Amino acid sequence: MLDPSPEDAGTAPTVSAPRFVGRDRELAALRGAVARPPAIVLVEGEAGIGKSRLLREWLAAPDRRTALVSVCPPLRESLTLGPIVDAFRGIDSPVSRLPLTALAGALRPLFPEWSADLPPALQALDDAKAARHRLFRALDELLRALRVDVLVLEDAHWADEMTLEFLLFVSSRQHTDGPSLVVSYRPEEVDDGSLLLRLTSRLPAGVTQLRIALAPMRPDDTAALMSSMLAGNQISQEFATFMHERTGGVPLVLEESVRLMCDRADLVFRDGQWVRLKLRELRVPPTVRDSTRERVGRLSPPAQQVLRAAATLAERSSVATIAVTAGLSPAECRGGISEAADAGVLDADDRGRWRFRHVLAATAVYEAIPLTERRQFHLLAGRALEDIHPPPVARLAQHFREAGETRSWARYAEQGAELAMASGDHTRAVDTLVDLMSRAVLPPADRARIARIAGVAALGRRERVDQVHHRVIRTLRSVLDTPGLSARQQAEIRNPLGRLLITAGQAQAALGELEQAVANLDHDPVEAARAMTYLGWAYAGPWPASTHRRWLDRAAELTTAFDSPAERLNLAGNRAAALLMLGEEEAWDVVAGLPIDGATSAERLDVARIHANVGTGAVIWGRYADADRHLAVAMHLAETEQASRLHHNVRLEQANLAWLTGRWEGRAEQSAALADADRDRPAHYLGSIRLAARLAAAAGRRRAAEEQFRLVLEESTRLGAADDTMEAAAALARLWLADGNSGRALQITNEPMDTIRRKGIWIWATDLVPAQIEAHLAAGDVKSATRLGEQLARGLRGRTAPASRAALAVCRALLLAANGDHARAAAAYDRAARAWSALPRPYDAMLARERQAEALIALGRIDHGRELLAAQYEQLFRLGARGDADRVAQRLREHGAEVPRLWRGGRRGYGDQLSPRELDVVQLVVAGKTNREISRILAKSPATVDQQLRAAMRKLKVTSRTALAVKAVEAGVFAEEDSLHGSS
């Protein structure tokens, strides 16, 4: 640093565009990957790190390839598929000469300017998902017709959901000579749930994969870049070090800082190198914001006005659009653009559209506009964009929103939502409409209409239950409080609201909304029948089975008049599943005729949902082979259609079936994974916790089992999911009966039993009735136990549910044993065990055999009883029911029998190394999770987490969580992924 001296005066550096510096390795890797097509290349890095420059250098190489390039604009709500559409609009080939099939007619809504060259429009599809799939196929056909080798998408963190889905679609077809993909993005601006994160997962065979993570420049590269901007002259070491420290090695910040210092004459050339003057009144700006604002302030008023307009537009725009937004004449605007371009702030594409060279610079200028002036800029931008054909509705909605023009905002927001839904991007539609309803004051009729559309769009989403789902529920409820809504308008809002509440696990509230909706849906018999079918599901509410059945019958009466086969299938399939929940035999006649596939995406998803529901009903009945078959159909279709929410539903039910049929291997890990995946869906999250609780109870981890079953029972009760309370209450009763606390066991089962009696659905009682009968008997109340067994027998008359029938056999055996009739009790337990085995449900069969052995011993057939007990001990042990095996072993010792020595595998061999379960806990500690958070994520009790954490501390010889995290990382327990992967 030097003070100015006389000989420095008049020395002014000439600034050039920076040379490509410090990225040779990354450029070579990018070229190598694309040279082995098909490839997927991800270029990630913070703003200003040089992603776009790297891609420009690569694209400028004289390789023989056809590249289609698009940049995602930083819009709050970008137009659906906007970046892809913009990329295609830049093509030179006449569309009329391309070998396109009739499928390309689906492109007409996206490219109205090609209407004379595209095939005729296709017939509209009722299902948005099918329309989206057709549109993707048409775009893919266009890519191949143009012989595009590489599709480049810059700033994908701003991409709309549909654009990302299209990239996933293209990647799934790369094995058929599809184009390579090169995608740049800022990882810090990618949400955890973004589809961008899935782009490189499950790649087709033979796809080259590369991830380039751009890091800040090294000090020597910083000096080289600065030198390239200053005519190649040397930079002093002090100056280079100073600049590297102040800019953090970010190329954009460095470039802008050099330009600012040159503008201010803060650099001098001395002794053959550039040095910086030490000026007290000026410091090098630490951010691009400061440098950009000062540079812009040196421009003329027209140029500054142009830059404010360009920053407001936030996307490449024509001179005419910028002129209107800036409030300048075309001549003044051209002059301002020329000045801004000469200053290196704006640049143009080959179609004469202008934007800031760097997004950060645009942000800096925009944020400097006073709030009162911003509204005027947005208003003028909206009016300018209205002259564009086709109108960019998403951008128009954004500008009129910021301008405070509610009517225009609402009009374009609705158009944008309709376009998004037509393309299958229901999440974008929901976001757009919910934002409108939350921030704008609308007339009641408009508010009701928009709320209905938002509700329908939300039902079409495939994503898991998330914040968007909950937000639309809150919004619809608030709209229902709007004064002046008609009964019909309220019904059209309550109908989708009720179905959204079902998915969110709020069953009781859902039935209330649907019942109110049905009364005023006479104008729409299809939706009325659909709502009635939902009311026919017996999972919630105080209604008896007969009331649910009446709703189903009313829906069936309406269905007979429907012309659409898809609508009839939907309602018939849902009716069958609802009848299974009621325990009605006639449901199986409908089930037998269900299709296993569909002609369209919508039909396949409908068939998948129906089979998933039928599979759940078959599990409740105990028809496990049927359940397995239906769930397999549902899983296949869910995977085919990439329906993540349905996929999770089926995975959970398949895990439930695996538990019941004795396939316990890996269920602990699966329950943890399911719990983590379904955290936003209360009913399904509780289902995964229930699975973990079963495993804990069988393994003898009593405290964990009790905590988890309590959580399931309390939350299911709160949510109104009556059928989910039965097993949890029964399991808790069995735990307390083992403690000798029959009173507590009766208390916990009384309310669920009242529900069964009130609703009259006795197939739900498979686990509950045997547990309560045992509690009555333990309390000495044989009369109540006998009466309950008789009620179960009457409730199952005419029903062939195998699981409930096996439970009834257990109840009869319990009553016989309580009356001292051990011979008949032993025979009854034998029948129960055979019934369980036939399902198959081996765990319950083993428990029945255990009771049979006890009855035989009480009868005096000690040797036979001990032999049977020993067999159950070994089988329980092998199954994984170690807690039950220990109980049987104790009974064997009490009866004077020798207990077989069996290896308790799984624990030996780790020594001072962390076990897999300890590794899971330590990894979450390193991630900063508390014990309670870890217990929820891993579906373990806090006590288990604490035990495993202490074991890990002992093995790594530390005494605190912080020391454990540091020691684990230092020891290389968790290897970090390299920032630049080679191709695969």
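Keep in mind the model is a prediction, meaning the values are calculated, not measured. Because only heavy atoms are used, hydrogens play no part in the values below, and waters and symmetry mates are left out as well, while side chains stay in.
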**Electrostatic pair Arg530-Glu527, nearest N-O below 4.0 angstrom** = yes

**Exam field: side chain Thr600 to backbone Ala130, donor-acceptor pair closer than 3.5 Å** = no

**Message:** Determine whether a donor-acceptor pair (N or O, by modelled atom type, separation under 3.5 Å) exists between the side chain of Trp588 and the backbone of Leu580.
**Reply:** no

**Asked** Is a side-chain donor or acceptor of His647 paired with a backbone partner of Met635 at a separation under 3.5 angstrom?
**Response** no

**Message:** Testing the 3.5 Å rule here: is there a donor-acceptor pair between the side chains of Ser184 and Glu154?
**Reply:** no

**Message:** I'd like to know if Arg575 pairs up with Glu586 as an ion pair, taking the criterion as any Lys NZ or Arg NE/NH1/NH2 lying under 4.0 Å from an Asp or Glu carboxylate oxygen.
**Reply:** yes

**Request:** Identify whether the distance between the nearest side-chain nitrogen and carboxylate oxygen of Arg137 and Asp140 falls below 4.0 Å.
**Result:** no

**Item:** Leu98, CG atom: more than 12 neighbouring heavy atoms under 6.0 Å
**Value:** yes

**Item:** Side-chain touch Leu695/Trp659, heavy atoms, less than 4.5 angstrom
**Value:** yes

**Item:** Matching residue for Thr427 among Glu161, Arg461, His469 - test: side-chain hydrogen bond (donor to acceptor under 3.5 Å, both in side chains)
**Value:** Arg461

**Asked** Is the Phe136 ring parallel, tilted or perpendicular to the Phe169 ring (thresholds 30°, 60°)?
**Response** tilted

**Asked** Pick from Val614, Ile610, Leu552: which one makes a side chain to side chain contact (heavy atoms under 4.5 Å, CB included) with Asn574?
**Response** Ile610

**Prompt:** Does a salt bridge link Arg609 with Asp606, judged by any charged N lying under 4.0 Å from a carboxylate O?
**Reply:** yes

**Donor on one side chain, acceptor on other, Glu567 and Asn570, under 3.5 Å** = no

**Prompt:** Has the side chain of Arg604 got a donor or acceptor atom that lies under 3.5 Å from a matching backbone atom of Gly598?
**Reply:** yes

